[in-house]
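The residues of the chain are indexed from 1 along the displayed sequence. The analysis underlying the following values was restricted to heavy atoms, covering all of them including side chains, and did not include hydrogens, waters or symmetry mates.
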Amino acid sequence: MKIYYHLPGLFEFYDFYKEFLKIWSEKREYFYDWCDIGSIYGAPSDALWGGGRVGFGDARFGDVLKLVGEYGISARLTFSNSELEEDDLEDYMCNKLCEAFEKNGQNGVIVHSELLLKYLRKKYPGLYLVSSTTKVLTDFKDLEKELEREEFRFVVPDFRLNKSFKELADLPKNLKSKVEFLCNECCDYDCKARKECYKNVSLKALGKTERDFHCASLRGKEGYRFSVAMKNPGFIGIDDIVNTYAKMGFSHFKIEGRGLGSAILLEFILYYMVKPEYQLLIREEMYLDSMLDLF
């Protein structure tokens, strides 16, 4: 069964992907033959409809579309702002992005707002839609209802449902194909403020607050650490994917990391996609590229 990874940083790590996708295309023997790239997702730093994480992407959308089009990869706009109002739908740049993404390939939008969902379905029917993990669906019945919605091609549940194996196993095949698991979340498993955190990012994107969300987690000040994420009860490792989820009929997995540096993104890719004996070779090729800033 083919496993599809959905990778972060479409705009944020454009220079990284310019180099990495060459290796992906030319050295496929370095990678597990059972994996593929399902999409690359992200948003420009000043996108009004943006959400999820504070973005810093500054790549031009024409360059982004040309790059993913060259390799036949789906591009997704992370437009998961939860606080949009009617007037926000007229934003010129976000509409221009949707127009371009609809015309160039099989591309999609990650969405939270029901208002934006209805707007996109009517104005840009050629874009497929993904239900954002920022909805924080932690009740399995709510996840089932979301999966049953015909508007969505994929649904990203909250990472705390990742190990609900009995309920996941009981899903019908057509709904299993829509589940896209968030693998490497670092937030505390018992966090009660996840919705508030995402709401803060949405309000900042709209210019409605300058306040930063204060994370009360004991590890909040440390920032993201992959070693810590691996100890999270909701973490999905490569062995889990191959030996558990794939055998249950699941094939889509999302890697988070838009707000992190490209060095840690490389580590994610090496861990999830690259055969151990080739990881150093790819690391050397990427690090020794003098045009690439990996930090």
Side-chain angles (χ1 to χ4, degrees), residues 4 6 8 38 41 51-53 76 78-84 108-118 120-121 128-203 213-220 224 228-237 240-241 244-256 258:
Y4 296 94
H6 302 271
Y41 65 93
R53 299 295 182 208
R76 293 180 180 177
T78 306
F79 283 166
S80 52
N81 196 303
S82 62
E83 304 302 306
L84 297 174
V109 180
I110 303 171
V111 64
H112 180 137
S113 165
E114 290 294 318
L115 186 66
L116 181 59
L117 169 70
K118 293 175 183 177
L120 293 173
R121 294 193 76 202
Y128 69 84
L129 301 177
V130 181
S131 176
S132 175
T133 192
T134 61
K135 294 181 180 181
V136 193
L137 301 177
T138 56
D139 186 299
F140 203 89
K141 291 183 179 178
D142 291 335
L143 172 61
E144 284 186 283
K145 290 178 184 177
E146 196 79 353
L147 288 167
E148 288 167 353
R149 295 179 64 176
E150 58 89 18
E151 304 101 296
F152 296 119
R153 183 179 296 186
F154 298 103
V155 174
V156 186
D158 188 86
F159 71 103
R160 285 160 293 196
L161 292 181
N162 286 355
K163 303 298 174 71
S164 300
F165 292 126
K166 183 183 182 303
E167 294 88 347
L168 289 168
D170 289 341
L171 287 174
K173 185 177 180 180
N174 66 309
L175 297 189
K176 285 183 177 181
S177 68
K178 295 175 68 173
V179 179
E180 187 177 309
F181 293 99
L182 182 59
C183 295
N184 60 329
E185 180 57 62
C186 194
C187 285
D188 279 356
Y189 194 78
D190 297 320
C191 177
K192 300 294 190 298
R194 198 162 170 81
K195 282 188 177 181
E196 185 182 347
C197 177
Y198 284 136
K199 180 177 180 180
N200 176 256
V201 174
S202 293
L203 291 172
F213 176 79
H214 174 68
C215 180
S217 166
L218 294 175
R219 295 195 181 98
Y224 186 97
V228 174
M230 287 179 167
K231 298 174 183 177
N232 192 304
F235 179 74
I236 298 177
D240 300 315
I241 290 171
T244 300
Y245 291 90
K247 292 180 178 179
M248 291 173 65
F250 297 100
S251 56
H252 290 273
F253 298 86
K254 181 175 182 176
I255 310 301
E256 78 161 34
R258 284 197 301 142

What heavy-atom pair brings [X] and [Y] nearest, and what distance separates the two atoms?
X: Pro8; Y: Ile255; result: CD-O, 3.2 Å
X: Ile241; Y: Cys183; result: CD1-SG, 4.4 Å
X: Asn81; Y: Ser113; result: O-CB, 3.4 Å
X: Tyr245; Y: Leu168; result: CE2-CD1, 4.5 Å
X: Asp158; Y: Thr133; result: CA-OG1, 3.8 Å
X: Ser82; Y: Lys199; result: OG-CA, 4.2 Å

Exercise. Which of parallel (below 30°), tilted (30 to 60°) and perpendicular (above 60°) describes Phe181 and Phe253?
Worked result: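 Aromatic pair Phe181/Phe253 classed parallel.
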For this session: Measure up the His252 and Tyr4 rings against each other and bin them: parallel (under 30°), tilted (30 to 60°), perpendicular (over 60°).
Result: parallel
Going from [atom1] on [X] to [atom2] on [Y], what distance comes out if it is rounded to the nearest 0.5 angstrom?
X: Phe79; Y: Leu120; atom1: CZ; atom2: CG; result: 8.5 Å
X: Leu137; Y: Ser131; atom1: CG; atom2: OG; result: 6.0 Å
X: Arg160; Y: Leu182; atom1: CZ; atom2: CG; result: 10.5 Å
X: Glu83; Y: Leu115; atom1: CD; atom2: CG; result: 11.5 Å
X: Arg121; Y: Glu150; atom1: CZ; atom2: CD; result: 4.5 Å
X: Ile236; Y: Asn162; atom1: CD1; atom2: CG; result: 3.5 Å

Exercise. So Lys254 and Tyr41, side chain to side chain contact (heavy atoms under 4.5 Å, CB included) or not? Walk me through it.
Worked result: CA-CA 10 Å; Lys254 181 175 182 176; Tyr41 65 93; 3.4 Å; yes
Exercise. Do any N or O atoms from the side chain of Lys178 and from the backbone of Arg149 form a donor-acceptor pair under 3.5 angstrom?
Worked result: yes
Quick check: do [X] and [Y] have side-chain heavy atoms less than 4.5 Å from each other?
X: Glu196; Y: Asn200; answer: no
X: Phe235; Y: Asn184; answer: yes
X: Phe152; Y: Leu129; answer: yes

For this session: Decide side chain to side chain contact (heavy atoms under 4.5 Å, CB included) for Lys166 and Asp170; before the verdict, give the C-alpha distance in whole Å, the side-chain angles of both, and the deciding distance to 0.1 Å.
Result: CA-CA 6 Å; Lys166 183 183 182 303; Asp170 289 341; 3.5 Å; yes
For this session: List the steps and the verdict of side chain to side chain contact (heavy atoms under 4.5 Å, CB included) for Lys173 and Lys176.
Result: CA-CA 5 Å; Lys173 185 177 180 180; Lys176 285 183 177 181; 5.5 Å; no
Problem set entry | Heavy atoms from other residues, nucleotides or ligands near NZ of Lys135 exceed 12 (cutoff 6.0 Å) | yes
Exercise. How about Lys163: does its NZ atom have over 12 heavy atoms from other parts shown lying under 6.0 Å from it?
Worked result: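 Yes, because the 6.0 Å sphere around NZ of Lys163 holds more than 12 heavy atoms from other groups.
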Problem set entry | is_close_aromatic(Tyr198, His112), centroid dist under 6.0 Å | no
For this session: Flag the pair Lys141 and Asp139 as a salt bridge only when some basic side-chain nitrogen lies within less than 4.0 angstrom of an acidic carboxylate oxygen.
Result: no
Exercise. Is Glu148 paired with Lys145 through a side-chain N to carboxylate O contact shorter than 4.0 Å?
Worked result: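 Answer for the salt bridge query: no.
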For this session: Please name the residue in the list Arg153, Glu151, Arg76 that meets the side-chain hydrogen bond (donor to acceptor under 3.5 Å, both in side chains) test with Tyr128.
Result: Arg76
